[in-house]
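First the structure, in the form of structure tokens, and then the observations on it.
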Number of protein chains: 2
Amino acid sequence: MTITIKDVAKKANVSIATVSRIVNNKPGYSKETEQKVLQVIQELGYHPNGLARGLISKRTHTIGVLVPDISSMLMSEFISGIEHVTHDYGSSVIVCHTESQGQKTRQYLQVLKEKQIDGIVFTSEVLKKDYYQIIKDMDIPMVLLSTESFDFPVPYVKVSDRRAAYSATEYLIKKGHRKIGMISGRRGDIIAGQPRIDGFMAAMKAHELSVKDEWIVTEGFNFEDGVNGFHKLIDQFPEMTAVFAASDEVALGILSAAYKMNIHVPDQLSVIGYDNLRIAEMSTPPLTTVAQPLVEMGKKSAELVFEMMESNRSVESRIFPHEIVERQSVKELS
Amino acid sequence: MTITIKDVAKKANVSIATVSRIVNNKPGYSKETEQKVLQVIQELGYHPNGLARGLISKRTHTIGVLVPDISSMLMSEFISGIEHVTHDYGSSVIVCHTESQGQKTRQYLQVLKEKQIDGIVFTSEVLKKDYYQIIKDMDIPMVLLSTESFDFPVPYVKVSDRRAAYSATEYLIKKGHRKIGMISGRRGDIIAGQPRIDGFMAAMKAHELSVKDEWIVTEGFNFEDGVNGFHKLIDQFPEMTAVFAASDEVALGILSAAYKMNIHVPDQLSVIGYDNLRIAEMSTPPLTTVAQPLVEMGKKSAELVFEMMESNRSVESRIFPHEIVERQSVKELS
DNA sequence: TTGTATGCGTTATCAA
DNA sequence: TTGATAACGCATACAA
């Protein structure tokens, strides 16, 4: 027997309207009745039913987060930021792991729609037309995190992958490296693949270094990709002195493979990562990497959602600054 | 303008009752009307409102998961399993990070109650009396994951921490080690602290090895605890040849600290971890560890919740088997 | 300051 | 096979 507003009203000898006002701090009651009602609420342990509330108010105090099932470590930092501010706003988040599958994404989108969520943050993946359409039809604020759309007017929060990659590469160059390899995401990936390759190429070119095709190997972003990629790379580009890994996981894969091949990092090979995940400081040697302010970005994405909700207007995108975090996987060449 | 069941009914020239029946596959309509209604639903892009549904059906198809903010890597594996089966059951999960604070936990519990969730999995923390009371009052199924209650009759899913620790220690002993240190959680922690210490002690004793107080250092479960703990341990127990770390993160901390001190693992020091997180295979050297089937445990915990929901009865607790995963951080002593 | 009554979008109970 | 209509638990416009 769940206890409702009626029970409170009856026991306090007032109408449900009055109880409602008190619960919601709407004006229209005396100090005495407030006392009494609050008292009864306490006694009965009454808690309003969010469903009934949401049905009327059109607000469920819930936002949805869509994440592809890549790099749970990356995602958990984003989500941590999102949850933090969402909680501060008195809302909850429902996280949906799409496994990068269109079918599952659409399915989740429908679920979120039925749950009448108030807003959505869409993470790390290309916003396809039908995704966009579905969300647009839901008529709720949406923001992109660690991705952007060139086709639709949706605000986003990210770093500049191109410039971050440029910085990482330039860092290596300034440390005296000339023969630099890269293990990157696929060129077809216009979010985290091609832009980082572009940044790498641009930095090399800016310093009048030419890069051959064999210097770049395109795999995915996880650990295994790092070890596989390194095997390929070292094979076709044995004289390299440094590698730029497109993710920290990949960098760890390189570290691991190099260790097994008795290649000492950083003495014989320097490696720089990308992301600055928690594991970057846990590796041996600790990983030098270009940091994205992951938690901050997560926070901002949620803040923008709430800002849009409250203002009913769109909002500016944000490009966060990146920075090089120096640890011990890169050595200066003399 | 959100479109409702009424719109469908009107356009299809039937009553909302009929539409409802068709949407829910309840008997009571002809093939023709079904065709027509389905057609209209398609055209209008109608999706039922979950709030209204839940209000009447008492089912929101949402379950809550409470996790303390320790070891996001551990949690993300648990959650991954939970989400998987929850999705299979056509439900969603709301994850609440309690930061191990009673206040926040209670607060989240109220939120979940207002959202009328169908069930709850409570993770990795002691189920305090008031938590239990709140959840009990919600009258929904609950299961404990990676924790258990000695005070309340709540089904749980976990491994035997004591026996797993016993196995890890015994593994070290069988590899020829006699002087074995341990970095553990606090003794006050009756879930993951004391039991693992007990297992360690028991294994030593069973092999007629006595352990001195200085052989055990009690810290937390994360990376920093590992490095700090190792410094203490090596200081007060320099002749040790192996360490049992109460978590993989701690083990990585040890690896890291040892590397900096030029202590070679496993040649000069063997280390075994606990959990078998993804990072266990990413470290250098790859970490030998006692594995908990984390994802499976997460799955099972959710399955039990749904089983309880459907059967309206309680359910048996499950102790999952653990196993030693041999990698390269332990060396056999000759 | 307070209460009555209506509606939010469904499902379920009846009667037709 | 169908359709009215009463709930579900609450917020709110309007009356008092």
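All values below were derived from every heavy atom in this structure, side-chain atoms included, with hydrogens, water molecules and symmetry-related copies excluded. This is a predicted model, so every value here is computed, not measured. By convention in this document, chain letters (A, B, ...) are assigned in the order of the sequence lines, proteins followed by strands, and residues within each chain are numbered from 1.
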(message) Can you confirm whether the side chains of A:K115 and B:T62 place a donor and an acceptor under 3.5 Å from each other?
(response) yes
When rounded to whole Å, the CD1 to P distance for the pair B:I41 and C:dT10 reads 10 Å
Rounded to whole Å, CZ of B:R59 lies from P of C:dT10 at a distance of 19 Å
A:Q116 atom CD is separated from C:dT10 atom C1', nearest whole Å, by 11 Å
With sugar-phosphate taken as primed atoms, P, OP1 and OP2 and all else as base, the protein-contact string of nucleotides 6-16 of chain D at under 4.0 Å (heavy atoms; B, S, -) is -BBBBBBB---
Quiz item: Does the pair A:D161/A:K158 count as a salt bridge with the N-to-O cut at 4.0 Å?
Solution: yes
Exercise for review: Using a cut-off of strictly less than 4.0 Å, decide whether A:T33 has a side-chain nitrogen or oxygen near OP1 or OP2 of C:dT1.
Suggested key: no
- Query: So, A:R106 and A:D130, do they make that salt bridge, N to O below 4.0 Å?
  - Reply: yes
Inset, instruction - Indicate whether the side chain of A:Q39 and that of A:E43 have a donor and an acceptor atom separated by less than 3.5 Å. - result: yes
request  = Would you kindly say whether A:N222 and B:R278 are connected by a side-chain donor-acceptor distance under 3.5 Å?
outcome  = no
* Asked: In terms of side-chain heavy atoms, does B:Q107 have a donor or acceptor partner in B:Q103 at a distance below 3.5 Å?
  -> no
